[in-house]
Protein chains: 2
Amino acid sequence: MDIKQSSATETEEFRRRIFFALSEPGRYTIVRMLYHVGHEMGCSELNRHVEIDKSTMSYHLRTLREIGMVTTRTQGREKFVRLNTERINAVLPGILASL
Amino acid sequence: MDIKQSSATETEEFRRRIFFALSEPGRYTIVRMLYHVGHEMGCSELNRHVEIDKSTMSYHLRTLREIGMVTTRTQGREKFVRLNTERINAVLPGILASL
DNA sequence: TTTATAGTTGGAAATCTTTCAAACAATTAT
DNA sequence: ATAATTGTTTGAAAGATTTCCAACTATAAA
């Protein structure tokens with residue numbers, strides 16, 4: 001059973017990116033909060049619960065969005081973040097529940 | 001429900017280190033290989049299956065050992081690596097099976 | 001219109017990560 | 001004793017990541 005590093009499936013790539021995201025305390029906290037709250041949250045609400053500079057928060061949320069772990073919705077001047085639970089569970093079943 | 005970043009439990013810390021380990025392709029491949037093989041492997045045997053420079057391999061194995069994801073045993077000039085399945089499953093149940 | 005609120009972006013600084021070559025130690029084989 | 005095999009370590013180079021300030025856009029409120 002040989003494993004070639006060159007050929008990584010999309011799923012594998014997504015998994016690794018999830019691992020990368022969760023290896024950073026700030027993002028770990030954000031994801032954990034979103035999961036436990038169980039519904040979308042406004043960025044500023046998130047920011048009120050998680051102590052991170054607002055631009056750092058923005059940076060982390062962009063990372064999570066680029067990876068595909070969250071989606072966002074803008075309403076007026078507020079932005080709501082929603083955890084993409086289904087997609088994450090599809091490649092790493094149960095991981096969110098164990099955070 | 002507030003989450004303070006300052007206080008991370010040991011378990012949470014271990015989880016994050018596992019995520020860190022698995023976010024790197026080389027280590028991901030090593031861990032996956034060890035899991036699927038299902039028993040300890042000699043470093044050179046590992047190196048024959050996973051294409052990584054030997055010193056890079058050594059570096060990654062040291063990281064995995066420091067995190068506590070693997071243990072090693074030396075016999076003669078060979079070194080055997082064993083995945084600490086129980087400990088990993090204790091904090092992230094089923095994660096190895098989904099790699 | 002002016003001001004406040006929500007969030008993004010650019011850029012710089014500090015730090016961390018990964019990789020490899022070269023030299024090394026330890027063990028086994030010739 | 002010499003040579004080959006196993007694996008570690010050091011150190012340097014290149015690159016990635018995180019953080020924060022300051023300036024910015026856009027919407028809503030006064």
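Numbers restart at 1 for each chain; the letters A, B, ... are given by sequence-line order, proteins then strands.
Residues A/Met41 and A/His49 have side chains in contact (heavy-atom distance under 4.5 Å, counting atoms from C-beta outward).
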Restricting both atoms to N or O, compile the protein contacts to nucleotides 7-14 of chain D shorter than 3.5 Å, with distance only.
{"from": "D/dG7", "atom 1": "OP1", "to": "B/Cys43", "atom 2": "N", "distance (Å)": "3.3"}
{"from": "D/dG7", "atom 1": "OP1", "to": "B/Lys79", "atom 2": "N", "distance (Å)": "3.1"}
{"from": "D/dG7", "atom 1": "OP1", "to": "B/Lys79", "atom 2": "O", "distance (Å)": "3.4"}
{"from": "D/dG7", "atom 1": "OP2", "to": "B/Ser44", "atom 2": "N", "distance (Å)": "2.7"}
{"from": "D/dG7", "atom 1": "OP2", "to": "B/Ser44", "atom 2": "OG", "distance (Å)": "3.2"}
{"from": "D/dG7", "atom 1": "N7", "to": "B/Lys54", "atom 2": "NZ", "distance (Å)": "3.2"}
{"from": "D/dG7", "atom 1": "O6", "to": "B/Lys54", "atom 2": "NZ", "distance (Å)": "2.9"}
{"from": "D/dT8", "atom 1": "OP1", "to": "B/Lys79", "atom 2": "NZ", "distance (Å)": "3.1"}
{"from": "D/dT8", "atom 1": "OP2", "to": "B/Ser58", "atom 2": "OG", "distance (Å)": "2.5"}
{"from": "D/dT8", "atom 1": "O5'", "to": "B/Ser58", "atom 2": "OG", "distance (Å)": "3.3"}

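For the pair B/Phe20 CZ and D/dA16 P, the interatomic distance rounds to 15 Å; values are reported in whole Å. Across the protein-nucleic acid pair, A/Asn47 atom CG and D/dC20 atom P stand 11 Å apart, rounded to whole Å. C/dA6 atom C1' lies 13 Å from atom CD of A/Gln75, rounded to whole Å. Atom CG in A/Asp53 sits roughly 15 Å away from atom P in C/dA6 (whole-Å rounding). Atom pair B/Arg48:CZ and D/dT5:P shows a separation of 12 Å (rounding to whole Å applied). As rounded to whole Å, 14 Å separates atom C1' of D/dT18 from atom CZ of B/Arg16. As a whole-Å value, the separation of A/Arg17 CZ from D/dA16 P is 13 Å. As a whole-Å value, the separation of B/Glu66 CD from C/dT18 P is 12 Å.
Looking at residues two or more places apart in sequence or on another chain, you find a side-chain hydrogen bond (donor to acceptor under 3.5 Å, both in side chains) between B/Ser44 and B/Arg48. With sequence neighbours left out, A/Asp53 forms a side-chain hydrogen bond (donor to acceptor under 3.5 Å, both in side chains) with A/Ser55. Taking B/Glu13 as the reference, B/Ala8, B/Arg16, B/Arg17 meet the side-chain contact (heavy atoms from CB on, under 4.5 Å) condition, with sequence neighbours excluded.
Closest to the B/Thr56 side chain, of the nucleotides C/dT19, D/dC20, D/dT19, is C/dT19.
Residue pairs satisfying the ring pair (Phe, Tyr, Trp, His ring centres under 6.0 Å) criterion with at least one member in residues 13-33 of chain B, sequence neighbours excluded, are listed as follows: A/Phe19-B/Phe19. Screening residues 70-85 of chain A for side chain to side chain donor-acceptor pair (under 3.5 Å), with sequence neighbours left out, gives A/Glu40-A/Arg73.
Heavy-atom nearest nucleotides on DNA chain D were determined for A/Arg27 and for A/Gly76, and the one closer to the 5' end corresponds to A/Arg27.
Proximity of A/His60 to the phosphate of D/dT19: a side-chain N or O atom is located under 4.0 Å from OP1 or OP2.
Considering A/Ile30, A/Leu92, A/Leu99, A/Leu64 in turn, A/Leu99 is the only one that fulfils the side chain to side chain contact (heavy atoms under 4.5 Å, CB included) rule with A/Leu22.
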